[in-house]
2 protein chains.
Amino acid sequence: MQLRNQVEWALHCCSVLAGLPAGRYLSTKVLAELHGVPKEYLSKALQGLSQAGLVESTLGPSGGYRLAKTPGQITFLDIVEAVEGKTSSFVCDNIRYNNPCLRKGYRADGACAIAQVMWDADQAWRDKLRSVSLADLGKTLRKTVPADILDKTQGWVLERS
Amino acid sequence: MQLRNQVEWALHCCSVLAGLPAGRYLSTKVLAELHGVPKEYLSKALQGLSQAGLVESTLGPSGGYRLAKTPGQITFLDIVEAVEGKTSSFVCDNIRYNNPCLRKGYRADGACAIAQVMWDADQAWRDKLRSVSLADLGKTLRKTVPADILDKTQGWVLERS
DNA sequence: CTTAATAAGGATATTTAATATCCTTAAGGA
DNA sequence: TCCTTAAGGATATTAAATATCCTTATTAAG
């Protein structure tokens with residue numbers, strides 16, 4: 001079980017956008033080159049972030065993306081779910097009902113106890129992701145990031161993450 | 001991101017084995033028919049459980065699998081990891097170092113802050129799974145399982161889960 | 001006003017992982 | 001001796017992840 005690489009990309013992109021001066025945008029092209037990932041595919045992840053309302057975009061030259069909320073309002077869970085979806089990592093196919101010893105059509109009262117445990121664990125994972133925002137990330141990062149912020153021709157910013 | 005169906009199968013098989021009278025075995029064939037899943041593929045999951053030391057097997061007629069420990073000693077995490085592996089759901093490819101603004105070969109002091117958050121969440125998931133054993137599952141199940149335990153020709157037991 | 005850059009998104013190709021089947025071997029019980 | 005079983009290697013099939021290509025509408029810059 002593995003999260004898609006787009007999740008890593010989206011998290012890093014949001015981290016960079018969180019450090020962007022107010023009003024500025026970063027394009028897919030720049031974000032892709034900054035992270036060394038394919039532009040077209042990264043674009044799908046950014047579209048997911050946009051549809052989730054985490055970032056907003058503008059067209060044309062000097063267009064691109066910026067955060068739609070403050071870093072403190074965007075959690076890791078928001079970003080992960082925007083890319084990976086909200087469905088649980090465990091899918092219960094109710095194989096308990098395949099038991100040929102059971103009379104046909106039998107259904108128990110409650111949910112499958114096994115599935116419940118798995119869903120609880122999934123919830124614990126999401127709770128943890130929800131407890132960290134891009135602002136929290138910044139606090140950690142500020143300690144380790146070198147002071148020399150570069151500003152190349154395309155307006156790249158130093159990778160903050 | 002989704003766990004493989006073998007995880008569900010393995011959990012249900014262990015749940016059934018936990019209710020088996022001492023000394024008895026259940027074969028792959030019976031476990032497969034009991035849950036309505038392909039025998040050959042389920043076999044791979046059971047082999048994983050065996051290699052992890054969660055179940056033990058015996059050959060020949062009336063052979064099969066039984067738990068290698070008490071239900072209280074086998075956690076959900078044990079079973080999930082036996083099938084799905086122990087590697088984190090998040091893989092850090094250190095795309096932060098792809099930044100062309102960084103001088104070649106630059107490496108930060110600590111681990112990627114983003115990866116750390118993701119790994120912490122993964123740990124929270126595993127901690128939750130580790131906190132539940134097959135014995136705990138039994139407590140829940142006893143409340144809902146019908147009293148009529150069937151004992152068909154092949155020695156099937158009522159699906160407990 | 002024109003031109004180039006951009007996001008959005010549909011269509012499709014490629015690659016990888018999950019799922020499933022088949023077969024052989026060695027061991028155990030009747 | 002014969003049948004049943006677990007173990008596991010090899011291979012096929014299916015689905016998902018990854019990636020590319022292309023078109024359209026929009027926007028800013030010149």
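Quick note: numbers below take in every heavy atom, side chains included, and nothing from hydrogens, waters or symmetry partners. The structure displayed is predicted, hence computed values, not measured ones. The sequence lines fix the lettering, A, B, ..., with proteins before strands; numbering per chain opens at 1.
At whole-Å resolution of the value, CG in B:Leu42 and P in C:dT19 are 13 Å apart. The interatomic distance linking A:Leu59 (CG) with C:dA8 (P) rounds to 7 Å, in whole Å. The CD atom of B:Glu40 sits 16 Å away from the P atom of D:dT13 (whole-angstrom rounding). Whole-Å rounding puts the A:Tyr41 OH to C:dT12 P distance at 18 Å. For the pair B:Arg4 CZ and C:dA20 P, the computed distance is 12 Å after rounding to whole Å. In this structure, CG of A:Asn5 is placed 10 Å from C1' of D:dA19, rounded to the nearest angstrom. One atom, CG of B:Leu46, and another, P of C:dT19, lie 15 Å apart when rounded to the nearest Å. B:Leu26 has its CG atom 14 Å from the C1' atom of D:dA6, to the nearest Å.
Residue contacts for B:Ser43: at a heavy-atom cut-off of 4.0 Å it reaches no nucleic acid atom on any strand shown. At a threshold of 4.0 angstrom between heavy atoms, the contacts of B:Thr58 are confined to the sugar-phosphate backbone, with no base atom among them. Among the heavy atoms of the strands, none lies under 4.0 Å from A:Glu56.
Within the 4.5 Å cutoff, the side chain of A:Thr75 has no heavy atoms near those of the A:Val132 side chain. A 4.5 Å side-chain heavy-atom check between B:Leu67 and B:Ile74 finds at least one atom pair inside the cut-off.
Here the side chain of A:Ser57 is nearest to one of D:dG8, D:dA6, C:dA8, namely C:dA8. Among the nucleotides C:dG9, D:dA29, D:dT20, the one closest to the side chain of A:Pro61 is D:dA29.
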Next item on the list: Please step through side-chain hydrogen bond (donor to acceptor under 3.5 Å, both in side chains) for the pair A:Gln73 and A:Thr70, ending with a clear verdict.
Entry: CA-CA 5 Å; A:Gln73 291 171 324; A:Thr70 68; 3.3 Å; yes

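Atom-to-atom distance recorded for A:Leu129:CG and B:Phe90:CZ is 10.5 Å, nearest 0.5 angstrom.
By the 6.0 Å and 45° rule, A:Arg130 does not stack over the aromatic ring of A:Phe76.
Listed by first and then second residue, the salt bridge (Lys or Arg N to Asp or Glu O under 4.0 Å) pairs that reach into residues 113-123 of chain B are B:Asp122-B:Arg126, sequence neighbours excluded.
Checking side-chain atoms of A:Glu84 against main-chain N and O of B:Met1 turns up a donor-acceptor pair under 3.5 Å.
In the region residues 77-93 of chain B, proximity to DNA chain D at under 4.0 angstrom, judged on heavy atoms, holds for none of the residues.
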